[in-house]
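Counting starts at 1 for both ligands and their atoms, in listed order.
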Amino acid sequence: MWRLGLLLFGSISMGGCWGVHLQFSRVMKVRGRKDSALLRWGVDRHREQIALEVQVPRASWVALALNLERNLTGSDVVIGGWNGDTEIFYDAHIDSQWPPVRDNSQDYELLELRRNETHSTLRVWRKWFTCDPQDYDFEDCTTYVTAYFGESPDLRDGAENAFSKSIYFMEIKSEVQLPSELLYYDIKRDDFLIPEEDTTYACSFIPLPQVATKHHIVKYEVNIDPQSDGIVHHILIYACDANAEIVPEVGDCYGSDIRYSQCLNVMFGWAVGGEDFFYPEIAGVSIGTKYDPQYVRLEIHYSNFDGISGIRDNSGIRVSYTPELRQLDAGILMAGVLTFPIQFIPPGAEAFRSYGLCDTGMIPQSLDEPTGDLTAYAFLLHAHLTAHGIRLLHYRNGTHIGSLGEDKSYDFGFQQIRYFPKPIDIKMGDQIVVECTGSTMDRDSVTYGGPSSLNEMCLGFLFYYPNIPIATCWSFYDLNHVTDALGLEPEESVMDAIFSMDTVDWDDETRAKAQRAIMESNHTVVIQNRRWLLPLPYVPQAEGLGRCTSTW
Ligand SMILES: *[C@@H]1O[C@H](CO)[C@@H](O)[C@H](O)[C@H]1NC(C)=O
Ligand SMILES: *[C@@H]1O[C@H](CO)[C@@H](O)[C@H](O)[C@H]1NC(C)=O
Ligand SMILES: *[C@@H]1O[C@H](CO)[C@@H](O)[C@H](O)[C@H]1NC(C)=O
Ligand SMILES: *[C@@H]1O[C@H](CO)[C@@H](O)[C@H](O)[C@H]1NC(C)=O
């Protein structure tokens with residue numbers, strides 16, 4: 001413990017109190033087949049350091065592996081343990097298979113290694129970037145984390161004892177002054193029997209608080225039922241529009257009953273390890289007026305890898321709302337690719353990119369009124385199972401000026417709202433390009449856009465203020481240009497043209513042709529019911545402005 005203390009106080013004396021953030025402020029429980037592991041961490045954005053703690057059932061050694069992909073190969077590993085009475089501690093990596101190999105450069109620092117009758121615990125810290133290619137770079141991306149432990153000194157028994165989870169280490173905590181008059185409302189499950197299956201996406205429709213006058217939602221707090229802690233994996237709330245059909249029972253979000261995939265406007269997303277969400281002090285989400293949604297869809301993702309039966313879940317989101325209105329209404333802009341089969345991904349692709357364009361210059365025209373700039377403070381990325389990278393590129397006057405959110409290791413099972421380090425100004429006229437990179441190596445037919453989880457989507461949600469009455473700003477490309485490039489016969493209807501993709505003999509050459517045509521095509525930007533034909537701006541492939549994009 002004293003070592004951590006030294007680190008904290010040592011850094012205070014170096015000016016400022018940055019080191020204090022290296023507290024283990026986050027905790028996550030991972031439930032495995034028999035036992036569970038606990039991971040704690042804390043980041044210091046200013047000094048670019050991270051502290052990690054892993055606690056496992058009592059063992060002679062414990063290791064933590066980090067990677068961008070769900071793949072052992074290339075993982076960065078830190079190991080602590082005991083060989084008799086001698087402490088073991090080193091920085092390692094996995095070449096191709098377990099066990100790990102010691103790194104030439106030792107970059108982790110030990111804070112603490114201890115064990116008692118029931119648990120073994122390893123605490124370490126490290127810089128985000130070490131310049132050792134065998135180390136993992138901590139970026140604003142989802143990290144695939146595995147805790148290993150065992151008894152054998154050569155670590156060979158480790159592969160049997162492993163807990164894995166996706167984690168976003170870099171979450172920025174939001175905490176602001178709350179109004180004095182605060183009301184609470186729970187959007188939650190009600191004694192839902194968690195199925196024994198590995199993975200369940202359960203959806204239900206729940207009314208928002210019924211208020212006669214305008215109120216502002218100012219905070220979301222996640223309440224996980226202690227019974228299902230470690231099984232509830234992520235939670236999303238989507239706003240329903242007035243036409244949505246409200247189904248009374250809980251159902252499969254992505255099953256055959258498509259009523260459960262209605263309501264696509266994300267309001268909030270939380271994933272394991274995530275924190276409560278506070279709206280910026282200047283803004284809140286309006287409820288209670290005739291323009292506001294009445295219902296939400298609550299989506300909870302359960303990972304029941306133990307196949308435990310009989311767990312009843314009451315998890316959900318507690319909404320805090322207030323009649324003390326804030327200065328501005330908060331809004332959410334959905335940008336990306338129009339969810340429709342015109343989006344397609346050929347089979348056998350390693351990294352096929354889809355593009356959606358939002359030209360905010362069209363927004364004032366579709367509202368028939370001048371619109372001021374928007375301030376974006378958070379984002380949420382959404383695509384389905386083939387996607388492994390999503391980024392929102394920000395353009396002004398044809399120049400790529402920055403990122404509006406990205407994750408180069410996007411995980412469908414881990415969608416969460418993320419704060420920008422600083423709010424970002426979006427001027428009317430700026431363009432937002434949403435790029436999704438998907439892999440279809442394991443598929444043998446074309447993947448089309450659509451709401452089911454086996455179809456694809458490519459969306460970015462921007463949380464901003466002040467609210468403008470626009471929900472979506474997305475696009476689709478000129479399909480004729482793509483079918484021409486592929487040498488397909490012109491079809492009578494759009495649907496025929498879309499499904500003529502099934503007739504293509506997909507190989508490296510045809511995939512490359514399709515990719516090039518998609519990037520050259522003009523896009524039809526759709527804002528509510530208005531459409532504009534626009535070219536896609538030049539999208540940088542290799543370089544970017546964010547750290548994530550530098551190695552994209
Ligand atoms: C893991 O990565 C290696 C090397 O990049 C690759 O050959 C292997 O197919 C990957 N395994 C999985 C399960 O993706
Ligand atoms: C053993 O260590 C764990 C983890 O630090 C702790 O939660 C537990 O209370 C300890 N047990 C005893 C008997 O001290
Ligand atoms: C884009 O460039 C034009 C012409 O140089 C300028 O008038 C306009 O203000 C610029 N727009 C933005 C958003 O910077
Ligand atoms: C895009 O639209 C412009 C203007 O209508 C047209 O000149 C151009 O050929 C189009 N590009 C493609 C690739 O279809």
Please check atom 2 (O) of ligand 4 for a protein heavy-atom neighbour under 4.0 Å. yes
Side chains of Asp502 and Tyr448: is there a donor and an acceptor less than 3.5 Å apart? yes
Can you tell me which residue and heavy atom of the protein come closest to atom 9 (O) of ligand 2, and the distance to 0.1 Å? Asn116 ND2, 4.7 Å
Between Glu435 and Arg391, is the closest basic N to carboxylate O distance under 4.0 Å? yes
Proximity winner for atom 5 (O) of ligand 2, if only heavy atoms of Arg114, His119, Glu117 are counted: Arg114
Return yes when at least one protein heavy atom is under 4.0 Å from atom 14 (O) of ligand 2, and no when none is. yes
Taking 4.0 angstrom as the limit and counting only heavy atoms of Gln55, give me the atoms of ligand 2 inside it, by number and element. 4 (C), 5 (O)
Within 45° of the ring axis of Trp82 and under 6.0 Å from its six-membered ring centre, is that where the NZ or CZ of Arg115 lies? yes
For Thr118, the ligand 2 atoms with a heavy-atom partner under 4.0 Å come out as 1 (C), 11 (N)
Any salt bridge between Asp411 and Arg70, counting N to O under 4.0 Å? yes
Provide, to 0.1 Å, the distance between atom 8 (C) of ligand 4 and the closest protein heavy atom, together with that atom's residue and name. Asn522 ND2, 3.8 Å
Any luck finding a side-chain donor-acceptor pair between Asp313 and Ser228 under 3.5 Å? yes
Can you sort out which atoms of ligand 4 are near His481, meaning under 4.0 Å from one of its heavy atoms? 13 (C)
Could you grab the distance from atom CG of Leu393 to atom CD of Gln431, nearest 0.5 Å is fine? 11.5 Å
OG1 of Thr360 to CD1 of Ile527, rounded to nearest 0.5 Å, is 8.0 Å
Should you measure from each heavy atom of Glu520, which atoms of ligand 4 turn up under 4.0 Å away? 13 (C)
